[in-house]
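So the structure is just underneath, and the comments pick up after that.
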Amino acid sequence: MTDTLAVQGDFAPADISSLPAGTLPMAPAAPNGFVRLGLAPELVRAVADLGYTAPTAVQERTIPLALPSDDGEHHGYNDLMVSSQTGSGKTAAFLLPMLHTLICQLAQEEASERAEFERLTADALARGEAAPKRPRRKDPTNPRHFKAATPGALVLCPTRELAQQVAHDAIELVKHCRGLRIANIVGGMPYQLQIAKLQNANLVVATPGRLLDLQRSMQIKLDQVRFLVVDEADRMLDLGFSDDLAEINQLTSQRQQTMMFSATFAPRIQQLAMRVMHDNGSAVKKVQIDSPQEKHANIKQVLFWADNAAHKRKMLDHWLRDASIDQAIVFASTQIECDGLASDLQQEGFSAVALHGALSQGLRNRRLMALRNGQVQILVATDVAARGIDVPTITHVFNFGLPMKAEDYTHRIGRTGRAGRDGLAVSFAEFRDRRRVFDIETFTHQHFKAEVIPGLEPTQRFPASAPAGRFGKSGFEGRGQRASAPRDKRPRPDSERFARGPRQVGADGFRSDSGFEGQPDRRREHAAGGRSDGFAPRSGDWGTRKPAHGRPAPAKAGHTGKPFTPRSEGQARTNHGAKVLKITRG
């Protein structure tokens, strides 16, 4: 059989006849989709090196809107509010147009400086003088040459891990660009190192706290910022960052463009975001690709009910021994649970590390780098890792502890199934967590498919007679019913406990209220003008307690049986009434 060879390239019909026998031409390679978006050649080349030739849906719609427009609105730029699912390429959607604009501005500045130098050189030659020398670049690490950084673009992130991920992606995109510097400013790192990195930085990716610290110490000036991007805006606009964002908004009031990106935008968050936009968001352009309520096509979501924490631990151990797991993230609810679970997994032979906010930033960086390099298989983390972790080899996400907010569930499972890959999200829930399960189902408009592991079935059961109500189809009770007892098992009025009926007063002066006895009926006392416990009512002058119905008054400890004399002014008695202490005023 003759082997068929493929030749790559563009061929005219006349070229086909001249090919050797058994050789067929290959179809011409599809053009890079990023070229159509009008991006700089350096950026297109960097994107191709990363293995991407076609933009995603959010990039296809966002990049043209983020580039300078011709109508002159907002100084040629549009304010954007973009919502898309996790793993859809939102980071590149705001980095590419912003870097493209910075490259164009840098080229214009270099052309202006070159033209100015050529003019000075021509003037010097015309006067017969020596040509001026180009200024030498000063060492930015020398304190004598220090000058506060004046970046032209700023990206704000809520967590350190997300800021480092965005800065890493930006550095990968500008590796073919000359003279464009990226700086990453996060807390927990040495100040001197970050100040040195800030020198001559064009784009700064920062968390709000450390950025404001450096700004107040005059290490960075924000009066030259032209582009502001708020990544994960729903978390940034939350209560913890609202004050910092308001201050940064005032410091960058001269900016030309504001862009906000997130996978979830609650109505309240949208109202807060409009205050940051130009003209209170009157001309902002909204782009929504996939809402959080739409099911992620690449992520399979399953739910397992557990009796207690030990039962959840057994099911997690069963899942982690699956050979199909490449790398996985196990989310815990608290830092203590995170450390304990990571320690248990290490003792059982798993390659696991913990990641949470109480760790030092250096240790967090090393553990994330170990995860990206494949040295760690399982990352046990809190919600600090729910955003910003982009590792292609993460195939499974386990919710050992359910998130406090339903929105965080969307970000958690988004750590897998990224960039078109397939992923699996497994959630373990105890019966006391059914309210959280309901909140997640309500937010995502999806119903969990509850499954069981053979041999690890839960022993607790929800009421079989409960209809599918407020908790959807997850298999637990309907609206208004108790989990402890179905409605048809509760005591009825015709049972023995309700023999007397509600609020019936017997001959002994006690009432039967809701089937329980033992409390005197005070209303009967009031109507009869006396007490039902065998004593006459106390007189207004605190006289002697007289027995009623011929029965003697019971004696109390320390009671002498003598009439009780009220305390006069200036007198007080002890707890037992045995001694009297006179207090003389004046």
Side-chain angles (χ1 to χ4, degrees), residues 35 38-46 49 66-70 72 74-77 95-155 167 170-185 190-206 211 214-229 251-257:
V35 178
L39 297 175
E42 298 89 345
L43 297 177
V44 176
R45 181 181 173 188
D49 292 344
L67 292 175
S69 57
D70 299 332
H74 300 307
H75 304 284
Y77 296 93
L95 281 180
L96 288 174
M98 188 164 47
L99 293 175
H100 170 83
T101 307
L102 292 177
I103 291 173
C104 295
Q105 292 182 353
L106 187 61
Q108 293 177 0
E109 294 176 0
E110 292 179 353
S112 301
E113 293 177 358
R114 189 182 306 109
E116 181 66 17
F117 180 78
E118 293 176 355
R119 186 186 65 80
L120 296 176
T121 302
D123 293 344
L125 293 177
R127 294 191 302 265
E129 300 176 357
K133 296 182 179 180
R134 295 181 181 274
R136 298 180 60 182
R137 184 177 181 272
K138 299 180 181 180
D139 183 10
T141 60
N142 191 334
R144 294 177 7 185
H145 302 155
F146 172 78
K147 186 173 67 173
T150 55
L154 177 64
V155 179
I171 293 173
E172 289 292 328
L173 292 175
V174 299
K175 62 181 180 181
H176 296 298
C177 303
R178 185 175 60 88
L180 202 60
R181 294 178 58 86
I182 311 296
N184 182 25
I185 304 300
Y191 277 91
Q192 296 300 328
L193 178 62
Q194 294 188 343
I195 292 173
K197 290 182 178 181
L198 274 175
Q199 297 300 304
N200 302 322
N202 304 98
L203 171 63
V204 173
V205 183
L211 177 68
L214 295 176
Q215 189 274 333
R216 291 161 185 161
S217 61
M218 301 302 294
Q219 307 297 329
I220 183 175
K221 295 181 179 180
L222 303 179
D223 55 352
Q224 300 296 324
V225 173
R226 295 292 178 265
F227 310 99
L228 175 64
V229 175
L251 295 173
T252 60
S253 58
Q254 75 290 336
R255 64 185 182 274
Q256 298 176 348
Q257 187 179 42

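- A distance of 6.0 Å separates CD1 in I195 from OG in S217, rounded to the nearest 0.5 Å.
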- request: Given side-chain contact (heavy atoms from CB on, under 4.5 Å), test H176 with D49 step by step and report yes or no.
  value: CA-CA 10 Å; H176 296 298; D49 292 344; 2.6 Å; yes
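- Looking at E116 and R119, their side chains come closer than 4.5 Å, going by heavy atoms from C-beta outward.
- Closest approach of V205 and N184 over heavy atoms only: O-OD1, 3.1 Å.
- The backbone N or O of V225 sits less than 3.5 Å from a side-chain atom of Q254, completing a donor-acceptor pair.
- Minimum interatomic distance between A130 and A124 (heavy atoms only, all atoms of both residues): O-CB, 3.6 Å.
- Residue-environment remark: CZ (R181) exceeds the threshold of 12 foreign heavy atoms within 6.0 Å.
- A148 and I220 make their closest contact through CB-N, 4.4 Å (heavy atoms, listed as atom of the first residue, atom of the second, distance).
- The residues R127 and D123 are annotated as not salt-bridged, no charged nitrogen and carboxylate oxygen being separated by less than 4.0 angstrom.
- Contact of the P151 side chain with the L203 side chain is not registered, since no non-hydrogen atoms from C-beta on lie closer than 4.5 Å.
- Listed for the H100 side chain is no donor-acceptor partner under 3.5 Å among the backbone atoms of L39.
- Side-chain atoms of Q257 do not come within 3.5 Å of backbone N or O of V229 as any donor-acceptor pair.
- A salt bridge does not link R45 to E42: none of the charged nitrogens lies less than 4.0 Å from a carboxylate oxygen.
- Note that CG of L106 is 12.5 Å distant from OG1 of T101, once rounded to the nearest 0.5 Å.
- Note: I182 CD1 to N202 CG = 7.0 Å, rounded to the nearest 0.5 Å.
- Here the closest heavy-atom approach between residue K175 and residue E172 is recorded as CG-O, 3.4 Å.
- Note that the CG atom of L99 and the CZ atom of F227 stand 10.5 Å from one another [nearest 0.5 Å].
- R255 contributes atom CZ, which lies 11.0 Å from atom CG of L222 (distance to the nearest 0.5 angstrom).
- The two residues A183 and L198 have their closest heavy-atom pair at CB-CD2, 4.0 Å.
- Across every non-hydrogen atom of L211 and A206, the tightest pair is CB-CB, 4.0 Å.
- From M98, atom CE reaches atom CG of L154 across 8.5 Å, with rounding to the nearest 0.5 Å.
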